[in-house]
2 protein chains.
Amino acid sequence: MSEAQDLLFTALADPTRRAIFERLCRRSEQTVGALTAEAGVSQPAVSKHLGVLKRAGLVSDRPQGRQTHYSARLEALSPLVDWTQQMSGFWESRFDDLEDLLKRMDQ
Amino acid sequence: MSEAQDLLFTALADPTRRAIFERLCRRSEQTVGALTAEAGVSQPAVSKHLGVLKRAGLVSDRPQGRQTHYSARLEALSPLVDWTQQMSGFWESRFDDLEDLLKRMDQ
DNA sequence: CATATTCATAACCGAAGAGTTATTGAATTA
DNA sequence: TAATTCAATAACTCTTCGGTTATGAATATG
């Protein structure tokens, strides 16, 4: 439902993009050039990925002269953690035995 | 990198599919028909989504007569939790001040 | 000032993916 | 046995998306 949540899941779905984000989690600020050097795709491709990550809130950019420094915004992952905990919560709060019993009686 | 991890992220990226998984986390076993009734898409579409979720390990199926019961496998989410913790770990273990200092000295 | 570098954007291409309808096979039910 | 229901698969369409090359705008450098 949530638009922001959707952007987050979508942004993390692509392996190349996830790898870029992982690199930014390991080392702090990195330029587009540095990221391109290790991404295995062209510079425009990297720029596009960074755009998607930015719209999802996963990275922030700091233009400096002719280069742009990107860094990871770890806080952006919290909706992911929240969602996981919510799913676990649903799971655990089910009265499985009772439900299953009623279901079998219903058949 | 990890193939299983990739399947997981990909499976959760689509909103319709994520909604199906969420429903299965709330209520236990549900048939394809029950899921279709609330999915907002056709039965074949739901079956395809369930196939993707199953390949990602997120659901298991139990054929019974002419209907198939699906249920969520919550354990399948653990790689997601692991990944998130790993990212946080990378982040926290960085010597940010030192790195930034060296980086500025390098320029 | 002229040249080179860095990044973003535009324009395009091919593959993948999410949806549809039609169909089939298997299992109930009348 | 005949008719019906349930779910999976096939075949197809249309859009999205990840990649490319080409270009442009801004900044740095000789």
Side-chain angles (χ1 to χ4, degrees), chain A residues 1 3 5-24 27 29-56 58-72 103-104 106-107, chain B residues 1 3 5-24 27 29-56 58-72 103-104 106-107:
Chain A
M1 276 292 185
E3 181 63 22
Q5 196 186 45
D6 215 59
L7 279 172
L8 185 59
F9 276 103
T10 304
L12 295 176
D14 181 73
T16 305
R17 196 157 49 222
R18 208 163 56 241
I20 292 176
F21 178 72
E22 289 182 18
R23 289 201 61 76
L24 285 171
R27 305 214 213 289
E29 282 200 337
Q30 299 204 47
T31 66
V32 175
L35 292 168
T36 300
E38 314 216 27
V41 292
S42 66
Q43 173 265 311
V46 172
S47 280
K48 261 203 273 186
H49 282 307
L50 287 169
V52 175
L53 290 172
K54 188 180 171 187
R55 262 181 280 117
L58 283 164
V59 302
S60 57
D61 59 341
R62 183 176 63 84
Q64 182 194 23
R66 66 184 165 189
Q67 51 195 7
T68 310
H69 299 262
Y70 282 86
S71 49
K103 199 160 290 178
R104 286 197 201 95
D106 208 19
Q107 285 168 358
Chain B
M1 276 292 184
E3 181 63 20
Q5 196 186 44
D6 217 59
L7 280 173
L8 185 58
F9 276 103
T10 303
L12 295 177
D14 181 74
T16 304
R17 196 157 50 223
R18 207 163 55 241
I20 292 175
F21 178 72
E22 290 181 17
R23 287 201 62 76
L24 285 171
R27 306 213 213 290
E29 282 199 339
Q30 300 203 47
T31 66
V32 176
L35 292 169
T36 300
E38 314 216 26
V41 292
S42 67
Q43 173 265 311
V46 171
S47 279
K48 259 203 273 186
H49 282 307
L50 287 168
V52 174
L53 289 171
K54 187 180 171 187
R55 263 182 280 117
L58 283 163
V59 301
S60 59
D61 59 341
R62 183 177 63 85
Q64 181 194 24
R66 66 184 166 190
Q67 49 196 7
T68 310
H69 299 262
Y70 281 87
S71 49
K103 200 160 289 179
R104 287 197 200 93
D106 208 19
Q107 286 169 353

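In this text, all values refer to a predicted model and were calculated from it rather than measured experimentally. When reading the values below, keep in mind they use all heavy atoms of this one structure, side chains included, and skip hydrogens, waters and symmetry mates. Lettering of chains follows the sequences in order, A, B, ..., and the numbering in each one begins at 1.
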J.: Between B:Q30 and B:R23, what is the shortest heavy-atom contact and its length?
T.: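 Looking at all heavy atoms of both residues, the shortest contact is NE2-O, 3.5 Å.
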J.: Is the phosphate of C:dA8, meaning OP1 or OP2, less than 4.0 Å from a side-chain N or O of A:Y70?
T.: yes
J.: For A:Y70 and A:V32, which heavy atoms make the closest approach, and how far apart are they?
T.: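 Minimum heavy-atom separation between A:Y70 and A:V32: CE1-CG2, 3.6 Å.
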J.: Starting at CD of A:E29 and ending at P of C:dC7, how long is that distance when rounded to a whole Å?
T.: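 Rounding to the nearest Å, CD of A:E29 and P of C:dC7 are 12 Å apart.
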J.: Nearest whole Å is fine: how far is C:dC7 C1' from A:H69 NE2?
T.: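 Distance check: A:H69 NE2 to C:dC7 C1' gives 12 Å.
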J.: Using a cut-off of 4.0 Å on non-hydrogen atoms, how would the nucleic acid contact of B:T31 be classed: base, sugar-phosphate, or nothing?
T.: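 Result for B:T31 = sugar-phosphate.
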J.: Does A:T68 put a side-chain nitrogen or oxygen below 4.0 Å from OP1 or OP2 of C:dA8?
T.: yes
J.: If you compare all heavy atoms of A:V59 against all heavy atoms of A:L50, which two are closest, and at what distance to 0.1 Å?
T.: CG2-O, 3.9 Å
J.: Quick one, give me the B/S/- string for nucleotides 14-30 of chain D, reading 5' to 3', where B means a protein heavy atom under 4.0 Å from the base and S means that only happens at the primed atoms, P, OP1 or OP2.
T.: ----SBBBB----BS--
J.: Looking at A:L7 and A:R55, what are the two nearest heavy atoms and their distance?
T.: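 Minimum heavy-atom separation between A:L7 and A:R55: CD1-O, 3.7 Å.
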J.: Round to the nearest Å and state the distance from A:I20 atom CD1 to C:dC7 atom C1'.
T.: 14 Å
J.: Calculate the interatomic distance between B:K54 atom NZ and D:dT9 atom C1'; express it in whole Å.
T.: 14 Å
J.: Could you tell me whether the side chain of B:R62 and the main chain of B:H69 form a donor-acceptor pair under 3.5 Å?
T.: no
J.: Quick one: A:Q30 CD to C:dT6 P, roughly how many Å, whole number?
T.: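 Nearest whole value for this atom pair: 15 Å.
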J.: Got a donor-acceptor contact below 3.5 angstrom from the B:R18 side chain to the B:A13 backbone?
T.: yes
J.: Can you tell me the distance, in whole Å, between the CZ atom of B:R62 and the C1' atom of D:dA7?
T.: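 One finds 15 Å between C1' of D:dA7 and CZ of B:R62, rounded.
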J.: Over how many whole Å does the gap from A:D61 atom CG to C:dA8 atom P extend?
T.: 7 Å
J.: Grab the two heavy atoms, one from B:L24 and one from B:S71, that are nearest each other, plus how far apart they are.
T.: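 Scanning both residues completely, I find the closest heavy atoms to be CD2-CA, 4.2 Å.
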J.: Roughly, in whole Å, what's the span from CG in A:L35 to P in C:dT6?
T.: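 Going from CG in A:L35 over to P in C:dT6 covers 14 Å.
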